[in-house]
Amino acid sequence: MVAGLKVAVENWPMAVERVRYVGEPVAIVVAQDRYLAEDALDAIEIDYAPLACVVDPIASLASDAPVLHENAGANLVSDRRFRYGDPEAAFGAAAHSVEVSIAYPRNTGAPMETFGVVAEYEPHEDAYEILANFQGPFSIHAVMARCLKVSGNRLRLRMPPESGGSFGVKQGVAPYAVMIGVAARVAGAPVKWIEDRLEHLSAAVAATNRVTTLKAAVTKEGRITALDWDQVEDCGAYPRAPEPATLYRMHGNMTGAYDIRNLAIRNRVVLTNKAPTGLVRGFGGPQVYYALERLMQRIAVELELDPLAVIRANLIQGGAFPYRTASGAFYDSGDYAKAVDVAVADGRLASLERRRDEARAAGRRYGIGFAAAVEPSVSNMGYITTVLTAEERKKAGPKNGAQATATVSLDPVGSVSVHVASVPQGQGHRTVLAQVVADVFGLSPAAIKVVADLDTGKDAWSIASGNYSSRFAAAVAGTAHLAATRLRDKLAAIAASQLDVSPGQIGFAGGAIFATGNRAKTLPFGRVAALSHWSPALLPDGVDQTIRETAFWAPPQLAAPTESDEVNSSLCHGFIFDMAGVEVDVETGKVRIDRYVTMHDCGRVLHPAMVDGQIRGGFAQALGASFYEELAYADDGAFLTGTFADYLLPTSTETPDIEILHIETPSPFTPLGAKGVGEGNCMSTPVCLANAVADALGVAELNLPLTPARIAALIASPEPALPAANRDRPASLGTVKPGDRTLRGEGMAMVAATPEAIWSMLLDADQLASIIPGCHGVKKLSETHFKTDVTLGVGPVKGRYKAEIKLSDLDPPKAATLSGSVSGALGTGGGSGRVKLAPGEGGVTVISYTYEAAVGGKVAAIGGRLLDGAAKAIIGQFFAALARKAAPESKRTGFFARLFGRQT
Amino acid sequence: MSHLSAATRHRVAFTLNGRPVSLEAEPRLLASDALRHGLGATGTHVGCEHGVCGACTIQIDGVPARACLTLAVQLEGRKVRTVEGLGPAADRLSVLQASFRRHHALQCGFCTAGILVSLDAFLHEQPHPSEEELRIVVGGHLCRCTGYTPIIRATLEAAEQLRSDPSLPDSSHV
Amino acid sequence: MKPAAFDFIRAGNLSEALDALGQYGSDARIIAGGQSLMPMLNMRLAKPAVLIDVMGIPGLDAVRREGDTIVISAGVRQAALMQRPNLASELPLLAAALPWLGHYQTRTRGTVCGSAAHADPSAEIPLCLVALDGEVRLRSRKRSRRVKAGDFFVGMMVTDKADDELIEAVTFPVSKPGSGHAFKEVARRHGDFAIVGCAALVTPDAIHLAVAGVADKPQRRSFPLLDGSALSDALNAFAWDLDARDDYHATARLRRDLVRSLGRDTIKEALSCRT
Ligand code: FES
Ligand code: FES
């Protein structure tokens with residue numbers, strides 16, 4: 001799969017020779033049903049040779065970091081600096097410089113429906129027909145066709161009319177559609193694949209995690225004169241198309257809602273051993289606004305100003321629209337100050353402040369947060385090319401615009417159908433389209449049939465088609481309106497000729513077409529609408545046909561990036577202002593949202609209930625990002641959140657009701673004056689809540705998700721000490737650093753045998769066979785290297801594994817290092833331990849051991865909670881067996897074998 | 001005692017939305033797959049297959065159950081209801097369903113079948129639900145689209161309607 | 001996520017179930033409500049060769065009172081126990097804890113004994129069993145025995161139950177006059193496994209506090225009727241002794257903090273609602 005970046009990275013849809021992330025497809029099994037296919041998967045043994053890996057984007061930049069793609073030479077695959085205005089001078093002259101550093105986590109849209117693909121291959125035509133719940137953008141169609149090595153017209157991609165949610169994510173079905181296409185070709189039969197939740201969470205699509213340092217030059221009144229961004233974007237193991245779009249989608253909006261003329265940006269893209277990233281609702285916005293709006297709060301705190309005053313002082317003024325930002329976005333319309341004023345009044349900020357003061361007086365932790373965000377919509381197909389230099393862009397040819405298409409047709413009984421290349425995923429596009437078109441024709445929405453499935457082999461579409469970047473209301477509905485209006489004008493001409501009036505006098509209402517002011521001159525809508533079918537000869541001059549009208553609409557404002565890297569990355573720019581009151585429970589680390597107010601200016605509201613639904617849904621996802629959701633990896637690359645028991649989506653008990661407010665400043669750039677609204681809260685809400693929590697706790701640095709453990713750590717006072725009476729136990733082995741999932745432990749066993757006897761057992765294959773839990777015989781590869789099959793498990797969780805054990809650092813009969821690895825259908829594990837034998841009193845040997853173990857693969861992703869217990873149990877079994885073996889008569893002699901261990 | 005061996009398929013018969021049905025099932029076949037693939041009743045959705053999302057919720061003998069945590073062979077002789085059986089007729093909506101539509105309590109609709117089936121059972125148990133009770137019941141489902149509030153509102157209104165007019169088509173249990 | 005193949009045995013009575021268990025031993029698993037087992041089957045964490053369904057056994061869905069003991073048989077679903085009319089007076093701790101157990105849609109299927117058999121260290125039923133010093137009644141073809149809850153739970157999903165044994169029932173002592181009970185838990189979301197769960201039983205002369213989610217099994221500690229800093233010290237010692245560990249959802253430190261704070265709150269509530 002080819003990316004927008006010009007780097008030497010082989011971008012395969014499945015692993016070739018080398019696996020770079022957990023969840024990367026390694027084998028495809030085609031069977032009669034998924035049960036059988038999973039049986040076959042279990043039977044596949046894979047011999048992985050572990051390589052060093054890197055999951056942290058900053059670590060990945062280090063010169064000694066393991067390189068994911070040798071051809072690329074390094075994990076840093078793009079490094080661009082941008083400069084607008086004179087940031088250096090502004091920083092030099094500034095009274096203050098305020099800085100925030102954040103690490104935005106990985107999360108995802110997690111639609112309730114997973115990916116689904118049905119692929120067929122026609123060998124005589126060398127053509128693929130693929131049905132997938134893909135939602136565009138159809139620029140990926142070109143990538144897929146190239147991947148399948150066919151021309152675009154031999155890849156017929158069909159998308160069903162209904163889809164169980166996407167939030168951007170369904171774009172990620174593309175590599176799987178390619179693979180299933182190949183599977184169908186190989187199998188010589190249609191192949192269907194329904195992704196399961198583990199596959200989805202581990203390898204569908206993640207939003208990028210990003211490490212950002214953002215600095216502001218600030219006057220003493222709190223006016224920002226310059227921003228300096230340093231963003232390190234983590235695209236996972238492959239820069240998969242359309243990445244690094246997440247980083248550049250906001251490029252024109254890096255100054256947010258603020259009037260800041262001086263701007264410096266450094267954008268780096270790195271690869272790490274994690275799943276590839278792609279479209280997720282908010283797409284770049286959450287990462288940017290988390291930094292920008294945290295910065296606004298920090299400016300207020302550091303300059304001892306009111307946070308709202310800092311926001312107000314910097315907002316773009318109402319009269320300034322359309323407004324060109326420093327980095328080139330062309331903000332269409334807005335009145336930000338008014339939106340803030342209305343939100344403060346109607347959202348009752350004063351009462352929120354009272355509640356805060358009362359709560360604080362009572363000793364509770366209550367905070368208020370704000371966030372202002374510009375929500376871009378209708379992406380410029382050219383923005384991604386900003387990743388290239390002006391030189392490189394010239395070579396590659398111009399890319400810009402956002403071509404939208406819509407078709408309205410009339411059938412022989414005059415009923416109206418609408419078809420758009422948008423592929424709705426539950427946002428109610430059909431409802432809105434029916435209304436928009438019905439209004440044009442004076443019909444009831446129920447009379448309009450909206451056809452929402454899409455077939456690239458038959459329907460009108462462009463590379464900009466699809467359901468993303470909140471382009472529906474602004475672009476697609478407007479284009480449908482355009483097509484309907486053209487048809488209506490033709491119908492008006494027909495009716496005018498029949499009623500003998502001028503077309504300007506024709507009106508449409510209640511299913512009739514009539515001469516305004518003369519209701520006697522009325523025709524049924526259906527009669528006129530059907531005329532083109534039944535008697536084209538009667539069409540008046542200048543009317544060719546009224547059977548079908550396809551409109552194409554491309555906004556001229558979406559130009560290609562300029563020589564100096566200015567880009568109007570999106571057509572429309574809505575505005576959001578959020579405020580939240582939260583209370584933090586210091587004991588549990590949990591946050592209660594007392595009130596959440598969200599003010600939106602999305603231009604003209606086409607359908608209030610649909611807009612409401614987008615805002616509430618976006619808020620709930622943002623709530624997840626704020627407190628619950630993270631696609632988490634351990635330092636060793638193990639993926640930890642493969643189920644809905646670990647990747648936590650908010651439920652109705654966690655999701656509060658919110659207050660939604662609107663003002664409307666219609667967009668002058670879209671046919672209906674509408675702007676996108678689907679992503680805004682994903683951008684504004686996480687940082688608004690974080691600001692509220694920061695206000696409640698008085699802390700400067702905090703990263704998402706704000707889990708109870710994180711919050712507790714932010715406010716932790718010194719812990720009550722381990723009581724003296726307990727201190728004879730083995731000491732704690734030190735604090736574990738975050739992300740380190742290594743199981744560590746130590747323990748001791750006393751065995752009634754000499755150190756020499758025990759030593760010889762550890763080096764004897766047969767003896768080992770009887771000590772290793774669940775062992776099915778040991779094969780000796782060398783004096784110190786053994787191979788075996790073991791059945792391991794705790795409780796009902798059991799599996800058969802291949803294991804290898806090596807002994808090293810031998811110090812007979814006193815000490816040895818045992819290292820082992822296991823692999824099987826449930827995953828892999830490896831560890832090592834140092835075992836020491838010391839003679840004790842009365843012929844007893846004291847065996848002491850320390851170990852480190854790590855577990856990866858499927859079991860880490862789905863059974864994380866089990867692991868510590870399992871490792872402890874298995875290691876315990878080993879030493880218990882050793883004790884039994886070494887001193888079988890210990891029972892008779894009344895000897896005690898004591899085992900205790902401690903794991904941290 | 002009956003011993004159903006893994007290697008063969010076994011006839012499983014039960015009542016689905018009032019009609020007797022049967023299919024051939026291996027012991028390991030999940031009830032969700034039996035309904036969707038075995039019987040073509042695709043109204044029941046599958047979102048996780050580990051019992052968390054609730055999309056697959058059906059009623060077994062009148063009580064809600066996760067179809068993905070139920071084996072087809074466990075349905076033997078039971079009365080099963082799915083979303084297809086909630087409306088009084090194929091082209092008519094139950095009071096709850098109609099209220100969902102009015103309140104835009106669904107967007108993509110993927111979670112909706114399970115939520116309707118749960119709430120249908122719960123409203124029979126508790127005709128006077130409070131908002132909090134409903135939030136807890138709906139808490140057994142994941143919806144990624146709506147933010148839940150419209151679902152709660154729709155249910156409160158449907159409960160009210162059902163209370164005030166018992167003759168309404170409330171999908172009386174079959 | 002589809003289970004591996006298994007045989008399915010519908011036991012018509014107890015001895016059929018026990019015979020099958022005797023025959024298949026560790027290759028077999030009992031399925032009752034399936035709410036713990038089925039996810040493990042679907043993910044292929046567990047691949048038993050045989051499932052033995054006990055829900056068709058007549059009489060296994062009974063909750064009985066035997067003197068001062070409530071006996072809950074293997075087939076009793078969590079929802080059914082919640083609906084027992086006298087539950088709040090007989091077993092106030094269970095009445096408080098059950099609404100926290102999973103969800104409305106899983107309690108309808110999940111059984112009380114199944115949760116005990118699964119032995120998740122964060123789960124509510126094992127916690128209550130340990131808190132109240134209840135018993136597990138085990139039965140195999142050859143023998144019946146009763147095991148104290150504190151001995152039954154051995155570790156993460158590991159119990160004292162032998163492979164050929166079936167949990168026939170779990171039993172809880174009926175609440176005595178003068179005692180108080182309370183249950184509290186902190187989870188990431190409502191219905192999730194607890195980060196820490198606390199169950200307290202206060203009698204006229206002692207406080208018993210059981211904690212779930214921290215050690216690899218629920219653990220109980222008894223103290224005299226302490227308060228103030230003496231109680232804090234006792235809770236602190238308990239918190240450290242549980243050997244908390246970090247996992248993806250919470251840190252060891254938070255868990256110890258919760259044992260101290262939630263433990264205290266739970267004890268306080270139990271004291272305040274003494275009958
Ligand atoms: S599919 Fe059954 S609960 Fe998610
Ligand atoms: S409506 Fe889409 S998941 Fe609920």
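What's counted below: heavy atoms across the whole structure, side chains too, no hydrogens, waters or symmetry copies. Quick note on labels: first sequence line is chain A, next is B, and so on, each numbered from 1.
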Starting at [atom1] of [X], measure out to [atom2] of [Y] and round the result to the nearest 0.5 Å.
X	Y	atom1	atom2	value
A:Leu41	C:Lys2	CG	NZ	13.0 Å
C:Met1	A:Asp196	CE	CG	5.0 Å
A:Tyr628	C:Asp192	OH	CG	9.5 Å
C:His249	A:Leu640	NE2	CG	9.5 Å
A:Leu722	C:Asp241	CG	CG	8.0 Å
C:Thr251	A:Arg710	OG1	CZ	11.0 Å

- Task: May I have the step-by-step check of side chain to side chain contact (heavy atoms under 4.5 Å, CB included) for A:Glu630 and C:Tyr248, ending in yes or no?
- Result: CA-CA 10 Å; A:Glu630 180 172 14; C:Tyr248 170 63; 3.7 Å; yes

Tell me, for [X] versus chain C, whether the close heavy atoms (under 4.5 Å) come from the side chain, the backbone, both or neither.
X	answer
A:Thr653	side chain
A:Asp33	neither
A:Ala37	neither

So which atom in A:Asp39 and which in C:Ala4 form the shortest heavy-atom distance, rounded to 0.1 Å?
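Scanning both residues, the minimum pair turns out to be OD1-CA, 4.3 Å.
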
- Item | Nearest non-hydrogen partners of A:Thr651 and C:Arg189, listed with the distance |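 In this case the closest contact between A:Thr651 and C:Arg189 is CG2-NH1, 4.1 Å.
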
I'd like to check [X] versus [Y] (side-chain heavy atoms, cut-off strictly below 4.5 Å). Are they in contact?
X	Y	result
C:Leu45	A:Pro796	no
C:Arg44	A:Val797	no
A:Glu654	C:Arg188	no
A:Leu826	C:Met43	no
C:Val186	A:Lys590	yes
A:Glu719	C:Trp240	yes

When C:Arg253, C:Lys47, C:Arg256 are compared by non-hydrogen pairs under 4.5 Å with chain A, the top option
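Answer, by heavy-atom pair count under 4.5 Å with chain A: C:Arg253.
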
